[in-house]
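In this text the structure is predicted, and so the values were computed from the model without any measurement.
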Amino acid sequence: MSGDAFRLVVIGGGPAGLAAARSYRESGGDGAVAIITDEHRMPYNRPPLSKDLLRGEMAEDELPLEDESWLAENRVSLVGGRAVDLDVDGRRVALSGGRSLGYENCVLATGAEPTRLSIPGSDDPAVRVLRSLDHLRELERRLTPGAEAVVIGSGFIGCEIAASLRRRGHPVALISDERAPNCRRLGEAVGRELAGWLRAEGVRLLLDVPVDAIERRDHRLHVRAGSEQVAAPVVVMATGVAPRGELVAGRLRLEGGAVPVDSAMRSELPGVLAAGDVSMAFNDAAGRRLRVEHWGDALGQGAIAGQTAAGQVAAWREVPGFWSTIGARTLKYAAWGDGYDEVRFEPVDGGAFTAWYGRDGRVVGVLAHDCDDNYERGRELISEWAPWR
């Protein structure tokens with residue numbers, strides 16, 4: 001096999017990409033392997049970016065998922081560059097610098113990229129997003145001690161960033177068009193709890209107001225949201241992500257920008273698999289395709305892709321889920337993630353609670369704070385399609 005030909009090429013250096021390469025080797029795959037990453041560094045742990053690392057409680061050198069020695073030990077090449085074209089018929093991937101790599105199997109693990117609101121001022125250099133280590137470094141460069149910050153968006157990442165910035169000593173305002181943080185996804189009762197957590201951290205909440213524009217005046221950004229206006233030298237936009245499926249756009253029908261795959265992570269294109277945030281994967285237990293953006297599921301799907309590429313039989317059937325830390329409080333969430341029609345909120349003395357989610361008479365989700373037994377039982381009930389009671 002020539003120096004530019006690989007048995008397995010993984011496009012993307014995130015959790016799904018590393019898991020695919022690791023699993024391929026562990027499953028007996030013995031061909032040459034390459035991981036293409038446009039970050040030019042070892043795959044690293046991303047959840048701390050909005051939590052431990054942003055709060056200054058973790059060092060950058062703790063982030064890598066593997067030491068560099070792992071590459072040589074497992075005969076994996078780490079190729080720095082950006083994939084710009086995928087020749088499915090010729091089984092080659094072209095890189096931005098002109099190099100191309102041949103492959104037998106290719107795993108798309110390109111992840112997702114942050115989206116920005118379509119409003120005036122959203123592309124100002126001081127409007128930041130947080131998805132990578134480079135994003136964090138640029139954000140921190142702009143955060144002088146005690147400087148104000150505005151966070152736009154009240155999903156998990158927005159709430160984590162707001163609480164972490166407060167713990168660094170920055171005055172923070174969080175703006176959202178939701179009535180309460182994350183209430184569209186988790187329900188009104190949970191939203192009220194999260195609002196209380198953020199206020200206890202000292203975060204100023206401006207809720208149920210859409211952001212209309214961001215204007216730069218006197219070296220500060222003025223965020224206009226309805227009748228409210230908040231000014232700060234830096235704004236962090238946490239308004240969601242979009243899957244990076246552009247390499248196969250036009251070659252198959254994407255679903256919301258994501259690559260549809262079966263439960264073994266195989267796409268309709270020969271030799272092309274997809275895993276992680278870029279995939280719309282069939283879950284055997286759910287009986288349908290699901291799109292998830294969770295760290296643990298990216299690892300799990302990547303491992304399945306690697307097994308499949310090595311010729312093993314594997315299928316995704318786990319209940320999706322993740323943990324989120326807002327300030328000092330942790331949420332544990334597991335759900336099929338594509339909607340519910342009933343919710344039951346169960347508070348416990350001391351601030352703990354469990355929220356149960358049902359759909360069509362079945363348990364489809366659980367969210368728990370300081371109720372680990374309910375969380376573990378909930379995962380089992382979801383996977384068993386237990387009746388809603």
Side-chain angles (χ1 to χ4, degrees), residues 12-19 35 37-67 109-116 125-145 147 149-170 172 174 176 181-182 194 197-198 201 203 232-244 276-278 292-299 302 321-333:
L18 177 69
I35 298 175
T37 170
D38 57 6
E39 290 198 64
H40 303 273
R41 60 170 58 93
M42 287 295 291
Y44 59 90
N45 197 5
R46 295 176 191 267
L49 295 179
S50 58
K51 299 187 280 288
D52 311 63
L53 200 62
L54 181 56
R55 294 194 300 263
E57 299 169 357
M58 182 179 186
E60 282 189 18
D61 59 10
E62 299 177 66
L63 290 180
L65 294 169
E66 296 284 1
D67 292 331
T110 46
E113 61 183 348
T115 59
R116 291 174 181 260
V127 177
R128 309 307 306 167
V129 294
L130 183 55
R131 182 76 175 180
S132 69
L133 183 54
D134 287 340
H135 289 157
L136 177 60
R137 288 171 173 168
E138 179 63 19
L139 173 61
E140 290 186 316
R141 186 184 72 81
R142 294 173 178 274
L143 285 169
T144 57
V150 174
V151 177
I152 300 175
S154 60
F156 286 111
I157 298 300
C159 292
E160 290 173 0
I161 292 171
S164 294
L165 289 176
R166 277 296 302 133
R167 293 202 161 212
R168 284 175 58 121
H170 299 281
V172 178
L174 182 147
S176 173
N182 235 327
L194 300 188
W197 291 2
L198 290 169
E201 293 288 334
V203 176
V234 66
V235 172
V236 185
M237 198 167 284
T239 51
V241 297
R244 295 181 55 190
D277 290 5
V278 74
V292 297
E293 299 168 359
H294 311 331
W295 178 262
D297 294 296
L299 288 169
F322 65 96
W323 295 8
S324 174
T325 301
I326 300 172
R329 299 175 174 89
T330 297
L331 289 167
K332 298 183 179 182
Y333 177 69

Under 3.5 Å, sequence neighbours excluded: what are the donor-acceptor pairs made by side chains of residues 155-162?
unit_1 : atom_1 : unit_2 : atom_2 : d
Glu160 : OE1    : Ser50  : OG     : 2.7
Glu160 : OE1    : Lys51  : NZ     : 3.4
Glu160 : OE2    : Ser324 : OG     : 2.6

Can you give me the closest heavy-atom contact between Val234 and Ala126, atom names plus distance? CG2-O, 3.5 Å
Between Val127 and Ile152, is there a side-chain heavy-atom distance shorter than 4.5 Å? no
Please enumerate all residues that pass side chain to side chain contact (heavy atoms under 4.5 Å, CB included) together with Ala298, with sequence neighbours excluded. Pro15, Ala16
Under the side chain to side chain contact (heavy atoms under 4.5 Å, CB included) test, residues paired with Arg131 that sit two or more places apart: Ala112, Pro114, His135, Val241, Asp277
Quick one: salt bridge (charged side-chain N to carboxylate O under 4.0 Å, His left out) partners of Arg46, sequence neighbours excluded? Glu39
Return the set of residues passing side-chain hydrogen bond (donor to acceptor under 3.5 Å, both in side chains) with Arg167 (not counting sequence neighbours), or none when no residue passes. Glu201
Hey, is the main chain of Val292 close enough, under 3.5 Å, to the side chain of Asp297 for a donor-acceptor pair? no
Please tell me if the side chains of Val129 and Thr239 come closer than 4.5 Å, counting only heavy atoms from C-beta onward. no
Side chain to side chain, Pro181 and Leu198, heavy atoms closer than 4.5 Å: yes
For Asn182, which residues count as a side-chain hydrogen bond (donor to acceptor under 3.5 Å, both in side chains) partner, sequence neighbours excluded? none
State which residues pass side-chain hydrogen bond (donor to acceptor under 3.5 Å, both in side chains) with Glu113; sequence neighbours excluded, sorted by chain then number. none
Side-chain contact, heavy-atom cut-off 4.5 Å: Val172 with Val150? no
Does a side-chain N-to-carboxylate-O contact under 4.0 Å join Arg168 and Glu140? yes
Side chain to side chain contact (heavy atoms under 4.5 Å, CB included) filter on Asp134, not counting sequence neighbours, yields Arg41, Ser132, Arg137
Yes or no on side chain to side chain contact (heavy atoms under 4.5 Å, CB included) for Leu49 and Leu54, after CA distance, side-chain angles and deciding distance? CA-CA 6 Å; Leu49 295 179; Leu54 181 56; over 6 Å; no
If we ignore hydrogens and angles and just use 3.5 Å, is the side chain of Thr115 paired with the main-chain N or O of Gly240 as donor and acceptor? yes
Find out whether Arg128 and Val235 are in side-chain contact, i.e. whether some heavy atom of one side chain is under 4.5 Å from a heavy atom of the other. no
Main chain of Asp61, side chain of Tyr44: is a donor-acceptor contact present, judged purely on distance under 3.5 Å? no
In this structure, CH2 of Trp197 is separated from CZ of Arg329 (nearest 0.5 Å) by 6.5 Å
List the residues meeting side chain to side chain contact (heavy atoms under 4.5 Å, CB included) with Ala147, not counting sequence neighbours, and say none if there are none. Thr144, His170, Pro233
Heavy atoms from other residues, nucleotides or ligands near CH2 of Trp323 exceed 12 (cutoff 6.0 Å): no
Partners passing side-chain hydrogen bond (donor to acceptor under 3.5 Å, both in side chains) against Arg142 (at least two apart in sequence or in another chain): Glu138
List for me each residue that meets salt bridge (charged side-chain N to carboxylate O under 4.0 Å, His left out) alongside Glu57, sequence neighbours excluded, and say none if there are none. Arg55
The reported gap from OG in Ser164 to CG in Asp52 (rounded to nearest 0.5 angstrom) is 8.0 Å
Please name the pair of heavy atoms, one in Met42 and one in Asp67, separated by the smallest distance, quoted to 0.1 Å. CE-O, 3.5 Å
Leu165 vs Leu143 side-chain heavy atoms within contact, under 4.5 Å: yes
